[in-house]
Amino acid sequence: MKTTRLLVSADRPEPGTISRAAAILKEGGIVAFPTETVYGLGADAFNTSAIQKVFEAKGRPSDNPLIVHIAELSYLDSLAVSIPVIGRTLANEFWPGPLTLVLQKTSEVPGTVTAGFDTVAVRMPHHPVALSLIRQVGRGVVAPSANTSGRPSPTTAQHVLDDLDGRIDAVLDAGPTLIGVESTVLDVTSVPPIILRKGGLPKEDIERVVGTVHTKPDTEVSPRSPGNRYRHYAPRARVILVAQGDSAALAKVLHESEGSMKKITCVLHSIPDPARSERVVVRRAPEAIEDFSRVLFEYLRECDKTGMEFIIVESVREEGLGAAVMDRLRRASAATSK
Ligand code: TXA
Ligand code: MG
């Protein structure tokens, strides 16, 4: 299969280009497109064979359900039943935006989308390209992150092609995504609601609107958040986290690796630069957490491209978007520490 790269304006998507991509989706093809979080791999949410292609292209386990993306609240009618008031309130407040709501599904939603669960995850992305594409299709579009299963999510069309060139019909290329980590997944079928995956919408923002929500403990392997069972967000290099400001910990890791000749990248924001050498590269992480989250997956992918064996990352404060950034870094370090 040849993958077509369709260049498109992020702010004012050219209608002809969107129509081309929408036609592929309506015919049962699979097309990657940008959202405000990361690039997603789209398919018609009501076409079982198209959904199958998404799982195959990504190498995704079939028991990990997909998020259905919508362009209007009215699309919910065919997807979800008995939407709780809290769900409506959050949708009104944060959609379009980086929030995915887990709701009771209708019988119309194919079991392949929800991996047999009686719930469906839905979100309205905040990106002109995604919204006009979905509107052209005229109904829900499933879109997992457009990476090979287990790799860091793609924040550019090039990342998508690095993983999936030749395995998907097309990618809409509108440049890098804004947020850089995936959406927050919130189960509103529980009272109080439970954050199943930390993400682009901070918990603090949700609680400001609906009061206390719970967060699923990291250690809990719950059938409610199947995505967390899998090796995730992992670059090929080994990721090592050091505490914020802990220069001594950094020095120790660097010292221990001295004999090994391993290539190392350090991603630091407050720890001063260690001595650079042929094998130690230092990248200053952007000060603002919004800027760091935008480039995090890009950094991880770059380290793989340049053959790094270790990535040492200085931790950030776990508030606001920092909670999602630390979640991804911990998963990346757990997945590579064996
Ligand atoms: O920002 C995002 O959410 C991106 C963009 C493309 O929208 N999409 C994305 O999809 O990250 P994916 O498939 O990589 O992650 C979806 C997560 C997984 O952890 C999955 O287990 C969870 O959502 N999920 C989907 N349906 C669910 C359901 N019915 N119940 C619980 N968790 C669900
Ligand atoms: Mg994913």
Side-chain angles (χ1 to χ4, degrees), residues 25 28 30 33 35 37-38 40-55 58 60-126 130-131 133-135 137-146 149 182-201 206 210 213 216 222-230:
L25 291 178
I30 54 177
F33 62 90
T35 77
T37 57
V38 300
L41 177 56
D44 177 348
F46 296 92
N47 182 331
T48 313
S49 79
I51 294 158
Q52 210 53 52
K53 289 183 197 169
V54 166
F55 280 97
K58 281 179 56 81
R60 182 181 179 104
S62 60
D63 60 351
N64 191 6
L66 306 175
I67 298 172
V68 181
H69 294 62
I70 62 174
E72 311 279 349
L73 280 177
S74 61
Y75 291 26
L76 276 179
D77 298 344
S78 60
L79 298 168
V81 288
S82 51
I83 298 169
V85 174
I86 267 192
R88 292 268 174 211
T89 307
L90 288 168
N92 285 328
E93 184 73 25
F94 294 114
W95 282 356
L99 173 68
T100 294
L101 296 176
V102 172
L103 302 162
Q104 287 301 327
K105 82 186 249 320
T106 62
S107 56
E108 282 170 72
V109 180
T112 37
V113 170
T114 62
F117 285 90
D118 57 3
T119 55
V120 61
V122 185
R123 92 173 184 102
M124 192 189 290
H126 191 34
L131 288 173
L133 177 68
I134 299 162
R135 231 170 247 136
V137 174
R139 50 188 183 163
V141 171
V142 293
S145 50
S149 204
E182 305 86 347
S183 63
T184 302
V185 178
L186 184 73
D187 182 355
V188 289
T189 67
S190 307
V191 182
I194 304 173
I195 294 179
L196 300 179
R197 177 179 73 181
K198 294 172 188 167
L201 184 69
I206 297 172
V210 294
V213 296
K216 188 197 67 69
S222 152
R224 276 182 182 281
S225 52
N228 293 339
R229 283 205 304 269
Y230 303 104

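All residue numbers refer to positions in the sequence shown, counting from 1.
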Chemist: Do F117 and V109 come within less than 4.5 Å of each other through their side chains, counting heavy atoms only?
Modeler: no
Chemist: Only counting residues at least two apart or in another chain, list the ones meeting side chain to side chain contact (heavy atoms under 4.5 Å, CB included) with K53.
Modeler: I30
Chemist: Who pairs with T100 by side chain to side chain donor-acceptor pair (under 3.5 Å), at least two apart in sequence or on another chain?
Modeler: S183
Chemist: Do the non-hydrogen side-chain atoms of I206 and P193 ever get within less than 4.5 Å of each other?
Modeler: no
Chemist: Is any side-chain heavy atom of P192 closer than 4.5 Å to a side-chain heavy atom of V213?
Modeler: no
Chemist: Of all the heavy-atom pairs spanning G28 and N47, show the shortest one and how long it is.
Modeler: CA-ND2, 3.6 Å
Chemist: For residues 75-90, please give each side-chain donor-acceptor pair under 3.5 Å, one per line with the distance, not counting sequence neighbours.
Modeler:
| residue | atom | partner | partner atom | Å |
| --- | --- | --- | --- | --- |
| S78 | OG | Y75 | O | 3.1 |
| T89 | OG1 | V85 | O | 2.9 |

Chemist: For A146, check side chain to side chain contact (heavy atoms under 4.5 Å, CB included) against everything at least two apart and list the hits.
Modeler: A32, Y39, L41, P154, V160, L164
Chemist: Which heavy-atom pair separates F33 from A143 by the least distance, and what is that distance?
Modeler: CZ-CB, 3.7 Å
Chemist: State, to 0.1 Å, how close F55 and N64 come at their nearest heavy-atom pair, and which atoms those are.
Modeler: CE2-O, 3.5 Å
Chemist: Evaluate the side-chain proximity of L25 to L133: yes if any heavy-atom separation is below 4.5 Å, no if none is.
Modeler: yes
Chemist: Can you name the side chain to side chain donor-acceptor pair (under 3.5 Å) partners of S74, sequence neighbours left out?
Modeler: none
Chemist: Could you check if a side-chain atom of S145 sits within less than 4.5 angstrom of a side-chain atom of K58, using non-hydrogen atoms only?
Modeler: yes
Chemist: Identify, with sequence neighbours excluded, every residue that meets salt bridge (Lys or Arg N to Asp or Glu O under 4.0 Å) alongside R135.
Modeler: E72
Chemist: Within the 4.5 Å heavy-atom criterion, are L66 and R60 side-chain neighbours or not?
Modeler: yes
Chemist: At their closest point, which heavy atom of V102 faces which heavy atom of T119, and how far apart are they?
Modeler: CG1-CB, 3.6 Å
Chemist: Could you point out which residue of H126, E182, R123 forms a side-chain hydrogen bond (donor to acceptor under 3.5 Å, both in side chains) with T35?
Modeler: R123
Chemist: Run the side chain to side chain contact (heavy atoms under 4.5 Å, CB included) test on W95 and V122 for me, step by step, so that the C-alpha distance in whole Å, both residues' side-chain angles and the decisive distance to 0.1 Å come before the verdict.
Modeler: CA-CA 11 Å; W95 282 356; V122 185; 4.0 Å; yes
Chemist: Strictly distance-based, threshold 3.5 Å: is any side-chain N or O of K105 a donor or acceptor partner for the main-chain N or O of G111?
Modeler: no
Chemist: What are the two closest heavy atoms between I134 and R139, and how far apart are they?
Modeler: CG2-O, 3.6 Å
Chemist: Hey, what do you get for CG (L99) to CG (L201), rounding to the nearest 0.5 Å?
Modeler: 5.5 Å
Chemist: Quick check: closest heavy atoms across H69 and V142, and the distance to 0.1 Å?
Modeler: ND1-C, 4.3 Å
Chemist: Calculate, to the nearest 0.5 Å, the distance between atoms CG and OG1 belonging to L103 and T189 respectively.
Modeler: 8.0 Å
Chemist: Look up atom OG1 in T184 and atom CG in L101, then write down how far apart they are to the nearest 0.5 Å.
Modeler: 10.5 Å
